[in-house]
K.L.:
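One structure is given below, represented as structure tokens, and several questions about it will come after.
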Amino acid sequence: MTPALDLLKKVRAEHRIHSYEHDPKAASYGLEAAEKLDLDPAQVFKTLLASSEKGELLVAVVPVVGSLDLKALAHAAGVKKAEMADPAAAQRATGYLLGGISPLGQKKRLRTFIDNSAQPFASIFVSAGRRGLEVELAPAVLAEHTQARFADIGRP
């Protein structure tokens, strides 16, 4: 179990766990998950951390087939500027290793933003806190348990 799955179990949130054999040579963890679990890549989301000009860490959940629009994230967060966070700082704040960072069950409660493209799906897939482990849940359930806001933060 991971902190993400422990949280979902504790709050009795509806979810499904999917695992696959992770290949350490995979170029993209998210695309690897979509491919190995035979999923629509638009339904698989990656968790990225950005840092504001004040050093605040922000969590961005965007489709694996696109990228994070840092200007849009800054706008959504009400900050002047955002840049990708230092990987070591991201790991320290979340308690997860890169490639396995889940938006759920992080060590510190960070402001979280989910790309609007998640909303039309009945369920989406995010990291369950370990490479090779994904959790499927409704976008609203993810937002509720991360206190996230939906915003246009992704780029195709």
Side-chain angles (χ1 to χ4, degrees), residues 2-8 11 13 15 22 26-35 37 39-156:
T2 66
L5 297 176
D6 291 342
L7 169 72
L8 291 171
V11 299
H15 67 284
H22 167 63
S28 163
Y29 299 117
L31 290 173
E32 177 193 29
E35 185 181 303
L37 295 172
L39 304 170
D40 174 358
Q43 216 174 335
V44 180
F45 286 70
K46 56 189 170 187
T47 306
L48 302 173
L49 268 77
S51 180
S52 76
E53 76 280 358
K54 296 175 188 149
E56 177 192 8
L57 290 177
L58 304 166
V59 177
V61 181
V62 295
V64 299
V65 288
S67 61
L68 172 61
D69 182 334
L70 288 163
K71 277 187 179 175
L73 176 63
H75 178 75
V79 298
K80 288 181 185 155
K81 188 178 161 197
E83 59 187 25
M84 292 308 294
D86 171 63
Q91 291 182 147
R92 268 194 312 278
T94 63
Y96 294 115
L97 294 175
L98 291 184
I101 294 179
S102 177
L104 296 152
Q106 297 181 353
K107 279 197 329 195
K108 286 185 180 174
R109 171 78 66 180
L110 302 172
R111 286 201 295 155
T112 301
F113 300 87
I114 303 169
D115 187 61
N116 272 330
S117 66
Q119 291 191 87
F121 292 110
S123 66
I124 60 170
F125 297 79
V126 296
S127 174
R130 195 171 65 228
R131 295 171 188 161
L133 198 61
E134 294 284 305
V135 62
E136 177 184 3
L137 70 175
V141 171
L142 177 61
E144 177 186 350
H145 296 293
T146 56
Q147 296 179 338
R149 279 189 28 224
F150 288 97
D152 286 318
I153 58 168
R155 251 191 298 205

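Numbers here simply count residues along the sequence, with the first being 1.
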K.L.:
Tell me whether the count of non-hydrogen atoms from other residues, nucleotides or ligands lying under 6.0 Å of CZ in Arg131 goes above 12.
P.N.:
yes
K.L.:
For the pair His15 (side chain) and Ala13 (backbone), establish whether a donor and an acceptor sit closer than 3.5 Å, ignoring hydrogens and angles.
P.N.:
yes
K.L.:
Specify the closest pair of heavy atoms between Ser117 and Pro63, including all atoms of both residues, with the distance to one decimal.
P.N.:
OG-CG, 3.3 Å
K.L.:
Closer than 3.5 angstrom, by distance alone: can the side chain of Gln147 be matched with the main-chain N or O of Ala143 as a donor-acceptor pair?
P.N.:
no
K.L.:
Quick check: closest heavy atoms across Ile101 and Ser127, and the distance to 0.1 Å?
P.N.:
O-CB, 3.4 Å
K.L.:
Return yes if a side-chain donor-acceptor contact under 3.5 Å exists between Glu136 and Ser123, otherwise no.
P.N.:
yes
K.L.:
Which class fits the ring pair Phe45 and Phe121: parallel under 30°, tilted 30 to 60°, perpendicular over 60°?
P.N.:
perpendicular
K.L.:
Rounded to the nearest 0.5 Å, how far does CD of Glu53 lie from NZ of Lys81?
P.N.:
8.5 Å
K.L.:
For the NZ atom on Lys107, are there more than 12 heavy atoms of other groups (residues, nucleotides or ligands in this structure) within a distance under 6.0 Å?
P.N.:
yes
K.L.:
Does any N or O in the side chain of Arg155 come within less than 3.5 Å of the main-chain N or O of Leu68, such that one atom is a donor and the other an acceptor?
P.N.:
yes
K.L.:
Would you say that Leu5 contacts Leu133 through its side chain, given a criterion of any heavy-atom pair below 4.5 Å between the two side chains?
P.N.:
yes
K.L.:
Do the side chain of Arg149 and the main chain of Ala76 share a donor and acceptor less than 3.5 angstrom apart?
P.N.:
yes
K.L.:
I need the minimum non-hydrogen distance between Ala50 and Leu70, along with the two atoms involved.
P.N.:
CB-CD2, 4.0 Å
K.L.:
Do Val59 and Phe113 have side-chain heavy atoms sitting under 4.5 Å apart?
P.N.:
no
K.L.:
I need the minimum non-hydrogen distance between Phe150 and Ala118, along with the two atoms involved.
P.N.:
CE2-CB, 4.3 Å
K.L.:
Could you grab the distance from atom CG of Asp86 to atom OG of Ser51, nearest 0.5 Å is fine?
P.N.:
9.0 Å
K.L.:
In Å and rounded to the nearest 0.5 Å, what is the OH to CG distance from Tyr29 to Leu97?
P.N.:
9.0 Å
K.L.:
Calculate, to the nearest 0.5 Å, the distance between atoms CG and NE2 belonging to Leu8 and His145 respectively.
P.N.:
7.0 Å
K.L.:
Does the Thr2 side chain pair with the main chain of Ala128, one donor and one acceptor, at a distance under 3.5 Å?
P.N.:
yes
K.L.:
So do Val61 and Val126 actually touch side chain to side chain, heavy atoms under 4.5 Å?
P.N.:
yes
K.L.:
Between CG of Leu7 and CG of Leu104, what distance do you get to the nearest 0.5 Å?
P.N.:
6.0 Å
K.L.:
Are the side chain of Thr112 and the backbone of Leu110 linked by a donor-acceptor contact shorter than 3.5 Å?
P.N.:
yes
K.L.:
Using only atom types and a distance under 3.5 Å, with no angle test, would you say the side chain of Lys46 pairs donor to acceptor with the backbone of Ser67?
P.N.:
no
K.L.:
May I ask you to decide if Leu98's main-chain N or O and Gln91's side chain share a donor-acceptor pair within less than 3.5 Å?
P.N.:
yes
K.L.:
Using only atom types and a distance under 3.5 Å, with no angle test, would you say the side chain of Gln43 pairs donor to acceptor with the backbone of Ile124?
P.N.:
no
K.L.:
Starting at CD of Glu134, measure out to CD of Glu32 and round the result to the nearest 0.5 Å.
P.N.:
9.5 Å
K.L.:
For His22, does the NE2 atom sit with more than 12 other heavy atoms under 6.0 Å from it, leaving out its own atoms?
P.N.:
yes
K.L.:
Check whether any side-chain heavy atom of Thr94 lies under 4.5 Å from a side-chain heavy atom of Lys108, and answer yes or no.
P.N.:
no
K.L.:
For a side chain to side chain contact (heavy atoms under 4.5 Å, CB included) check, start with the C-alpha distance between Phe125 and Leu39, then their side-chain angles and the critical distance, and finish with the verdict.
P.N.:
CA-CA 9 Å; Phe125 297 79; Leu39 304 170; 3.5 Å; yes
K.L.:
Walk me through it: do Leu49 and Met84 pass the test side chain to side chain contact (heavy atoms under 4.5 Å, CB included)?
P.N.:
CA-CA 6 Å; Leu49 268 77; Met84 292 308 294; over 6 Å; no
K.L.:
If you take all heavy atoms of Ile153 and Ala60, which pair is closest and at what distance?
P.N.:
CD1-CB, 3.9 Å
K.L.:
So, do Val65 and Leu31 sit near enough that their side-chain heavy atoms are less than 4.5 Å apart?
P.N.:
yes
K.L.:
Looking at Ala89 and Leu57, what are the two nearest heavy atoms and their distance?
P.N.:
O-CD1, 3.9 Å
